[in-house]
Number of protein chains: 2
Amino acid sequence: MNQSEGKSKVYIEIVKQLRVMIETDGLKAGDKIPSERELSERLDAGRSSVREALRALELLGLIETRRGEGTFIRDFRENQLVQLLSTFILQDKRAKRDVVETKYLIEMDCLRQAAAKSGDDKLAQLKQWTSASEFSDDDFFLKIADMADNHLLFRIWKILKDYYNSLGINPPAVNKAYYEKLTDDLLAGDIDRTLLSYWQLRDLSKE
Amino acid sequence: MNQSEGKSKVYIEIVKQLRVMIETDGLKAGDKIPSERELSERLDAGRSSVREALRALELLGLIETRRGEGTFIRDFRENQLVQLLSTFILQDKRAKRDVVETKYLIEMDCLRQAAAKSGDDKLAQLKQWTSASEFSDDDFFLKIADMADNHLLFRIWKILKDYYNSLGINPPAVNKAYYEKLTDDLLAGDIDRTLLSYWQLRDLSKE
DNA sequence: AGATACACGTGGTCTGACCACTTTCTTTGA
DNA sequence: TCAAAGAAAGTGGTCAGACCACGTGTATCT
């Protein structure tokens with residue numbers, strides 16, 4: 001494979017062809033792609049060029065290569081985009097001011113989604129867990145974010161949570177009553193009351 | 001450089017050290033980093049390993065290498081990465097669903113924030129612009145996101161917009177009446193009606 | 001049947017060769 | 001002396017090859 005005609009570097013072409021292969025062969029998370037040596041033959045490129053392409057995709061979190069085993073597709077939803085973007089966005093000084101507000105907005109979105117999508121059995125489990133367990137605020141909203149059934153929203157929340165925690169804001173002591181009331185409102189299917197309970201929870205948590 | 005003690009692959013270590021170098025040396029867009037051969041010496045690694053790290057960073061859009069010249073820092077632009085990733089993500093229906101849903105949730109958050117924070121003069125300007133201009137859906141919500149006065153939320157929306165746009169969903173023809181109604185509801189300070197209008201706008205947009 | 005050893009396949013890293021291009025330096029000619 | 005041309009050096013681009021570390025599968029031994 002040479003480059004005299006086209007402008008693209010070999011590794012870029014390989015990335016493109018891997019993408020097509022994934023699509024054509026219907027490869028899903030956990031599936032194995034051909035070995036480096038086989039790809040080298042198939043794509044008429046040097047093994048080093050194949051590796052360059054694979055390393056690039058690996059850094060993006062789209063694949064995972066394990067010595068002795070091979071190279072596997074990862075769940076594309078776990079890609080590193082959100083992580084990478086947060087690196088740049090959160091370096092922006094202005095962003096820090098907005099972290100708290102945005103975290104709260106996302107949490108409320110998660111509550112709305114959880115209310116809309118979760119069955120009563122899931123909410124009953126949450127209620128039981130809330131009563132029976134010692135938990136942190138983060139533990140609680142991790143469950144809510146999970147119940148929102150939107151992986152992207154879940155990851156955004158996680159990034160915001162981690163960053164919020166890195167700001168050194170003291171974690172509030174958990175007053176269980178607020179979380180239990182919130183859960184009750186969720187169970188009752190009353191989203192407005194749920195959001196009101198959230199505000200009350202946060203007003204308290206802030207002091 | 002060998003790997004017998006640590007778990008990280010060499011290229012990952014090189015990526016990390018490049019990151020430190022960029023930061024320590026205060027390198028900015030356009031600045032040149034040391035040659036592959038020099039990095040190879042400095043970091044005590046093979047040139048191939050250096051190249052693997054560089055290719056990975058290049059695919060992320062963080063650097064640009066030009067034959068005969070060298071490797072240069074680039075301004076990070078999210079849309080390049082989003083576009084690349086979306087070609088993979090497109091293959092995952094759940095990921096597509098998450099993107100669409102999250103964009104809508106963020107837009108509603110922007111509406112809520114715009115309603116809470118914007119003065120009547122700003123909203124009046126929006127009303128006037130909506131009447132007087134030809135605009136796209138993205139144009140409209142760019143303004144809304146701006147009026148939310150939360151830079152982080154704004155950036156999140158922009159990235160989601162790029163993501164959404166690379167899904168290949170046909171941009172709907174703008175039916176101005178819906179945007180004008182939405183603006184009226186904002187002006188009236190009725191957030192529930194505003195959100196209802198948003199839902200109506202999106203329901204139509206989906207056909 | 002279970003444990004062990006061996007062979008093979010896969011990835012991991014490095015070296016080296018050579019090419020294409022760019023930049024810098026040196027030589028030549030006006 | 002200055003400008004242009006050519007050569008040398010530097011940079012990235014690609015490939016081949018060597019050899020090691022690990023994982024998996026098969027064969028053999030207890």
Side-chain angles (χ1 to χ4, degrees), chain A residues 1-18 21-22 25 27-74 80, chain B residues 1-19 21-22 25 27 29-74 84:
Chain A
M1 185 182 271
N2 70 49
Q3 201 185 3
S4 55
E5 298 298 340
K7 283 185 292 223
S8 280
K9 295 175 181 181
V10 169
Y11 90 103
I12 292 285
E13 288 305 311
I14 293 172
V15 165
K16 286 178 183 171
Q17 296 190 48
L18 283 172
M21 182 191 310
I22 290 165
D25 295 355
L27 298 181
K28 288 177 286 300
D31 289 348
K32 186 174 178 310
I33 68 173
S35 71
E36 291 175 359
R37 289 172 176 101
E38 188 172 334
L39 287 174
S40 177
E41 272 189 38
R42 273 216 223 163
L43 304 180
D44 195 27
R47 190 174 149 217
S48 287
S49 299
V50 168
R51 287 184 60 80
E52 288 178 8
L54 293 179
R55 295 296 77 73
L57 292 177
E58 190 175 28
L59 195 64
L60 281 172
L62 297 175
I63 62 170
E64 179 179 15
T65 68
R66 299 193 282 267
R67 178 191 283 194
E69 299 186 51
T71 299
F72 302 85
I73 306 285
R74 290 187 65 188
Q80 295 299 302
Chain B
M1 185 181 269
N2 69 49
Q3 201 182 5
S4 54
E5 296 298 339
K7 283 185 292 218
S8 279
K9 296 176 181 180
V10 170
Y11 91 103
I12 292 286
E13 287 306 312
I14 293 171
V15 166
K16 285 178 182 170
Q17 295 191 49
L18 283 172
R19 184 175 168 178
M21 181 191 307
I22 288 166
D25 295 353
L27 298 181
D31 290 348
K32 185 175 179 309
I33 68 173
S35 72
E36 291 174 359
R37 289 174 176 98
E38 186 171 334
L39 286 173
S40 178
E41 271 190 38
R42 274 215 224 168
L43 304 181
D44 194 29
R47 189 173 150 218
S48 288
S49 300
V50 169
R51 289 185 59 81
E52 287 177 9
L54 293 179
R55 293 297 76 74
L57 291 176
E58 190 175 25
L59 195 65
L60 289 176
L62 297 175
I63 62 171
E64 178 179 18
T65 67
R66 298 192 285 267
R67 178 190 282 193
E69 300 185 50
T71 299
F72 302 86
I73 307 285
R74 284 184 69 180
L84 172 74

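Please read these numbers as outputs of a predicted model, since none were measured by experiment. Residue numbering restarts at 1 for every chain, and letters A, B, ... go by the order of the sequence lines.
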Query raised in the report: Which part of the nucleic acid, if any, lies within reach of A:Arg66 when heavy atoms closer than 4.0 Å are counted: base, sugar-phosphate only, or nothing?
Result: sugar-phosphate
Query raised in the report: To the nearest Å, how far apart are B:Lys32 NZ and C:dT22 P?
Result: 15 Å
Query raised in the report: Can you tell which of D:dT14, C:dT13, C:dC18 lies closest to the side chain of A:Lys9?
Result: D:dT14
Query - Side-chain donor/acceptor of A:Arg47 to base of D:dG17, under 3.5 Å - result: no
Query raised in the report: Should B:Arg51 be listed as having a side-chain N or O under 4.0 Å from OP1 or OP2 of D:dG13?
Result: yes
Query raised in the report: Closest heavy-atom contact between B:Leu59 and A:Ala56?
Result: CD2-CB, 3.5 Å
**Report entry** Salt-bridge present (B:Lys9, A:Glu58; N to O < 4.0 Å)
**Finding:** yes
Query raised in the report: Is the CD atom of B:Glu69 crowded by more than 12 outside heavy atoms at less than 6.0 Å?
Result: yes
Query raised in the report: Does B:Thr65 have a side-chain nitrogen or oxygen under 4.0 Å from the phosphate oxygens OP1 or OP2 of D:dG13?
Result: yes
Query raised in the report: Of all the choices, C:dG12, C:dC18, C:dC14, which nucleotide is nearest to the side chain of B:Ala45 once you look at every atom?
Result: C:dC14
Report task. Find which nucleotide of DNA chain C each of B:Ser49 and A:Gly70 is nearest to by heavy atoms, and output the residue with the more 5' nucleotide. Result -> A:Gly70
Query raised in the report: Within the structure, does a side-chain N or O atom of A:Thr71 lie under 4.0 Å from either OP1 or OP2 of C:dT10?
Result: no
Requested in this report: For B:Leu39 and D:dG10, give me the distance from atom CG to atom C1', rounded to whole Å.
Outcome: 14 Å
Report task. Describe the nucleic acid contact of B:Ser40 in one word from base, sugar-phosphate, nothing, applying a heavy-atom distance below 4.0 Å. Result -> nothing
**Report entry** A:Ile33 CD1 to C:dT10 P, straight-line distance once rounded to whole Å
**Finding:** 12 Å
Query raised in the report: For D:dG13, does either OP1 or OP2 sit under 4.0 Å from a side-chain N or O belonging to B:Arg55?
Result: yes
Requested in this report: Give the rounded distance in Å between these two atoms: CZ of B:Phe72 and P of C:dT23.
Outcome: 8 Å
Requested in this report: Return the value, rounded to whole Å, for the distance between atom CD of A:Glu64 and atom P of C:dT10.
Outcome: 18 Å
Report task. Check whether any side-chain nitrogen or oxygen of B:Ser48 sits under 4.0 Å from OP1 or OP2 of C:dC14, and answer yes or no. Result -> no
Report summary line: Rounded to whole Å, the CD-P distance (B:Glu69 to D:dG12) equals 10 Å
Query raised in the report: Below 4.0 angstrom, N of the basic side chain to O of the carboxylate: do A:Glu13 and A:Lys16 qualify?
Result: yes
Report summary line: Rounded to whole Å, the CZ-P distance (B:Arg67 to C:dT23) equals 14 Å
**Report entry** Interatomic distance where CD belongs to B:Glu41 and P belongs to C:dT15 [whole Å]
**Finding:** 11 Å
Report summary line: For B:Thr71 and B:Thr65, the nearest pair of non-hydrogen atoms, with its separation, is OG1-CG2, 2.9 Å
